[in-house]
Amino acid sequence: MDAATLRFDVPEYDLSLRARFLTDRNPALVEKVLAELPLQTVLHHVLFSGRAIYMPTRIIDSEPGNMVTRRLGDVYLYQPSAQICITYNDKTPESAPVNKFAEIHTDDLPALIRLGELVRDHTVTRAQRKVIKIGIRSSSSPVEVSSPIVQFGKDLPSDHWRHAVNRINDEVDRVWLNEPQEVLELIQADTSPATMFFMNSYLLQDGPNIGSKLLTVSTDSDMTLPFIVRLTKSFLTEPFDHFLFLSDLGFPKMKEIGEAYMNALPTLQSLDEYRQLTAPLVILLNRMQKWMHLIYDHGGLTPGEKIRLSSR
């Protein structure tokens, strides 16, 4: 591989894909992607955007970048959910432009199409969905893949905002690659469709929508720290506490995470500190939503195909 090559390795299917970075067209995003590598993550398939696979990352980005209409082999970042996506079929019903930063090598397009169909079959079509891990690296990355995060030190006082960052990052690490116990318990309990709907909906609302937009507007030149804190409280806890609601529905750790985050807000001294605190929360909410994505009945399952713990 040369210096401009990105590689996706899927041991589950003995498949690898090579992609060319578009450094000339999207240098800022390419730099952010390289800073994230090497990375081990999980493959998913889109539901409403035609034929595309995606993988969660911790890349926070809100710049316009290289916005294009998606085509076969395009590799792009879906910014609200912080996920790298790859289109494996030109037939897509979604016309919104995407932030493309790489493209799959022509010789690897047959392997991409094969991978896309396998992921679709194993994560969307079948009732017994599976976790498919993928390693992402560049030619300069070591073979070992990981998902490192910044640690500020465990000896901080509990009322320090960096202590909250550490707590949230610890939770991200816990749920990053292994299906959380609370998700398995939802399956075991044969949780009602209404409860699953609310859990999925609130995670979608709080992470990709509210959270990512708060991070974006926090960079506006006319934004102030008191105002962004007020907006955050209004969206997430006042008058209705989304963290407590998610905890009551079946994710009990969200109560502790919400308390750590909200208690840290008044201690912040700058918008930069606000972004450092909020970014891992958004990544956590995004990641939990993707676990829900794997078990939530999106309308295609028959009553006899209900997912149960025994089938996992």
- Message: Starting from Phe197, can I reach Leu294 by hopping between I/L/V/M/F/W/Y residues whose side chains sit under 4.5 Å apart?
- Response: yes
- Query: Got a donor-acceptor contact below 3.5 angstrom from the His293 side chain to the His45 backbone?
  - Reply: yes
- Query: Crowded around Glu31 CD? As in, over 12 foreign heavy atoms under 6.0 Å?
  - Reply: no
- Verify, without hydrogens or angle tests, whether Asp206 (side chain) and Leu236 (backbone) share a donor-acceptor contact under 3.5 angstrom. no
- Message: Could you measure the distance from the CD atom of Glu117 to the CD1 atom of Ile53? Nearest 0.5 Å is fine.
- Response: 10.5 Å
- Query: Atom CG in Leu6, atom CD1 in Ile84: separation rounded to 0.5 Å?
  - Reply: 6.5 Å
- For the residue pair Trp291 and Leu203, establish whether any side-chain heavy-atom pair is separated by less than 4.5 Å. no
- Just wondering, are more than 12 heavy atoms of other shown residues or ligands nearer than 6.0 Å to CG in Asp24? yes
- Decide yes or no on salt bridge (charged side-chain N to carboxylate O under 4.0 Å, His left out) for Arg114 and Asp14, but give the supporting numbers first. CA-CA 11 Å; Arg114 171 67 175 155; Asp14 193 26; over 6 Å; no
- Query: Under the 3.5 angstrom rule, does the side chain of Thr57 hit a backbone N or O of Ala82 as a donor-acceptor pair?
  - Reply: yes
- Query: Under 4.5 Å between any side-chain heavy atoms of Val30 and Arg25, yes or no?
  - Reply: no
- Going by heavy atoms in the side chains, are Ile113 and Asn89 under 4.5 Å from each other? no
- Task: Determine the minimum heavy-atom distance between Leu277 and Ile168, stating which atoms define it.
- Result: O-CD1, 4.3 Å
- Query: For the residue pair Ala164 and Ala260, what are the closest heavy atoms and their distance?
  - Reply: CB-O, 3.5 Å
- Task: Could you tell me whether a side-chain N or O of Ser218 sits under 3.5 Å from a main-chain N or O of Leu215, the two making a donor and an acceptor?
- Result: yes
- Going only through I, L, V, M, F, W and Y residues with side-chain contacts under 4.5 Å, is there a path from Phe101 to Met67? no
- Query: Looking at OG1 of Thr219 and CG of Leu214, how far apart are the two atoms once the value is rounded to the nearest 0.5 Å?
  - Reply: 11.5 Å
- Message: What I'd like to find out is whether the side chain of Gln289 reaches to under 4.5 Å of the side chain of Asn200, using heavy atoms alone.
- Response: yes
- Message: Donor-acceptor pair, distance only, cut-off 3.5 Å: does the side chain of Arg58 make one with the backbone of Ile283?
- Response: no
- Message: Walk me through whether Arg287 and Val172 qualify under side-chain contact (heavy atoms from CB on, under 4.5 Å).
- Response: CA-CA 8 Å; Arg287 192 69 195 93; Val172 173; 5.7 Å; no
- Sequence-distant partners of Glu171, salt bridge (charged side-chain N to carboxylate O under 4.0 Å, His left out), two or more places apart: Arg167, Arg174
- Task: To the nearest 0.5 Å, tell me how far Asp61 CG sits from Thr216 OG1.
- Result: 8.5 Å
- Message: Ignoring hydrogens, what is the shortest heavy-atom contact between Ile86 and Met55? Give both atom names and the distance.
- Response: CD1-CE, 4.1 Å
- Taking Asn66 for the side chain and Lys100 for the main chain, is one N or O donor matched with an acceptor at less than 3.5 Å? yes
- Indicate the atoms forming the closest heavy-atom contact of Leu268 with Tyr274, along with that distance. CD1-CA, 3.6 Å
- Task: Give a yes or no on whether Tyr13 atom OH has more than 12 heavy-atom contacts from other residues, nucleotides or ligands under 6.0 Å away.
- Result: yes
- Answer yes or no: is there a donor N or O on one side and an acceptor on the other, between the side chain of Asp241 and the main chain of Phe243, under 3.5 Å? yes
- Query: Is Phe235 reachable from Leu204 through a run of hydrophobic residues whose side-chain heavy atoms are each under 4.5 Å from the next?
  - Reply: no
- Item | Side chains of Arg230 and Glu238 in contact at under 4.5 Å (non-hydrogen atoms) | yes
- Measure from the side-chain N and O atoms of Asp108 to the backbone N and O of His105, and report whether any donor-acceptor pair falls under 3.5 Å. no
- Item | side-chain contact (heavy atoms from CB on, under 4.5 Å) between Asp222 and Phe227, worked out | CA-CA 10 Å; Asp222 55 351; Phe227 187 49; over 6 Å; no
- Message: If hydrophobic clusters are built from ILVMFWY residues whose side chains come within less than 4.5 Å, do Val46 and Phe8 share one?
- Response: no
- Task: List the atom of Met288, the atom of Pro180, and the distance in Å for their closest heavy-atom pair.
- Result: SD-CG, 4.1 Å
- Out of curiosity, does Met292 fall in the hydrophobic cluster containing Tyr78 (side-chain heavy atoms, cut-off under 4.5 Å, transitive links)? no
- Query: What are the two closest non-hydrogen atoms of Ala96 and Arg70, and how far apart are they?
  - Reply: O-NH2, 2.8 Å
- Message: When you compare the side chain of Tyr88 with that of Val119, does any pair of heavy atoms fall below 4.5 Å?
- Response: no
- For the side chain of Asn26 and the backbone of Leu22, is there at least one donor-acceptor N/O pair under 3.5 Å apart? no
- Query: What's the verdict on side-chain contact (heavy atoms from CB on, under 4.5 Å) for Glu63 and Leu29, showing C-alpha distance, side-chain angles and the deciding distance?
  - Reply: CA-CA 8 Å; Glu63 300 301 320; Leu29 182 52; over 6 Å; no
- Message: With a 4.5 Å cut-off on side-chain heavy atoms, are Gln269 and Trp161 touching?
- Response: no
- Is there a donor-acceptor pair closer than 3.5 Å between any side-chain N or O of Ser81 and the backbone N or O of Pro208? no
- Message: Less than 4.5 Å apart, side chain to side chain, heavy atoms only: is that true for Lys32 and Glu36?
- Response: no
- Between NZ on residue Lys255 and CG on residue Leu246, distance to nearest 0.5 Å: 13.5 Å
- Task: Run the numbers on Met196 and Ile295 for side-chain contact (heavy atoms from CB on, under 4.5 Å), then give the verdict.
- Result: CA-CA 9 Å; Met196 301 284 271; Ile295 69 169; 3.5 Å; yes
- Item | Mutual orientation of the aromatic rings belonging to Tyr54 and His44 [parallel < 30°, tilted 30-60°, perpendicular > 60°] | parallel
- Distance in Å, Leu177 CG paired with Gln40 CD, rounded so as to fall on 0.5 Å steps: 5.0 Å
